[in-house]
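The structure displayed is predicted, hence computed values, not measured ones.
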Amino acid sequence: MKRHNGPHINPGELLRDEVIQERGLTIEEGAILLGISTDELNKIYCGENLITKQIAIKISQVFGGNSELWIRIQNSFLSGATT
């Protein structure tokens with residue numbers, strides 16, 4: 001498990017490292033499970049696309065956890081990117 005330091009964690013990196021890859025899934029498998037394209041998931045990983053409320057719900061439905069946590073992580077990341 002990788003450690004993500006700092007208060008403004010890229011939620012896409014967290015999703016990739018702690019959820020998708022931790023389960024031994026490829027980006028293609030993760031995208032299929034989430035019902036999104038591989039391109040969209042890759043853009044989330046890179047921070048180019050946001051984890052929207054809909055994506056956060058899908059993450060929690062597929063992998064467990066709390067969708068609101070993903071929204072808070074995304075908002076924290078965005079607020080850190082603008083300061």
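Side-chain atoms of Ile73 and Ile51, non-hydrogen and from C-beta on, never get closer than 4.5 Å to each other. With a 4.5 Å cut-off on side-chain heavy atoms, Leu14 and Phe77 do not count as touching. Between Leu15 and Leu41, some side-chain heavy-atom pair lies under the 4.5 Å cut-off.
Hydrophobic clustering (ILVMFWY, side-chain heavy atoms < 4.5 Å, transitive): Ile32 and Val19 are in distinct clusters. Placement of Val62 and Tyr45 within a single hydrophobic cluster is found when ILVMFWY residues are connected by side-chain heavy-atom separations under 4.5 Å, directly or transitively. Ile9 is connected to Leu69 through a chain of hydrophobic side-chain contacts under 4.5 Å among Ile, Leu, Val, Met, Phe, Trp and Tyr, so both are in one cluster.
Here the closest heavy-atom approach between residue Gly24 and residue Glu29 is recorded as O-OE1, 4.0 Å. Taking both residues in full, the closest heavy atoms of Ala56 and Trp70 are given as CB-CB, 3.8 Å, listed atom of the first, atom of the second, then distance. In terms of heavy-atom proximity, Lys58 sits nearest to Leu34 at CD-O, 2.9 Å. Heavy-atom minimum distance, Phe63 versus Arg23: O-NH2, 3.3 Å. The two residues Ile44 and Asn10 make their nearest non-hydrogen contact at O-OD1, 4.1 Å.
In this structure, Ile71 CD1 and Thr52 OG1 are separated by 6.5 Å, a value rounded to the nearest 0.5 Å. Between Ser79 atom OG and Gln74 atom CD the span is 10.5 Å, to the nearest 0.5 Å. Here the CD1 atom belonging to Ile27 is positioned 9.0 Å from the CD atom belonging to Gln21, to the nearest 0.5 angstrom. To the nearest 0.5 Å, atoms CD1 (Ile59) and CD1 (Ile36) are separated by 7.5 Å.
Residues in residues 37-55 take part in these salt bridge (charged side-chain N to carboxylate O under 4.0 Å, His left out) pairs, two or more places apart or across chains: Asp39-Lys43.
A search for side-chain contact (heavy atoms from CB on, under 4.5 Å) contacts involving Ser60 returns Ser67, not counting sequence neighbours.
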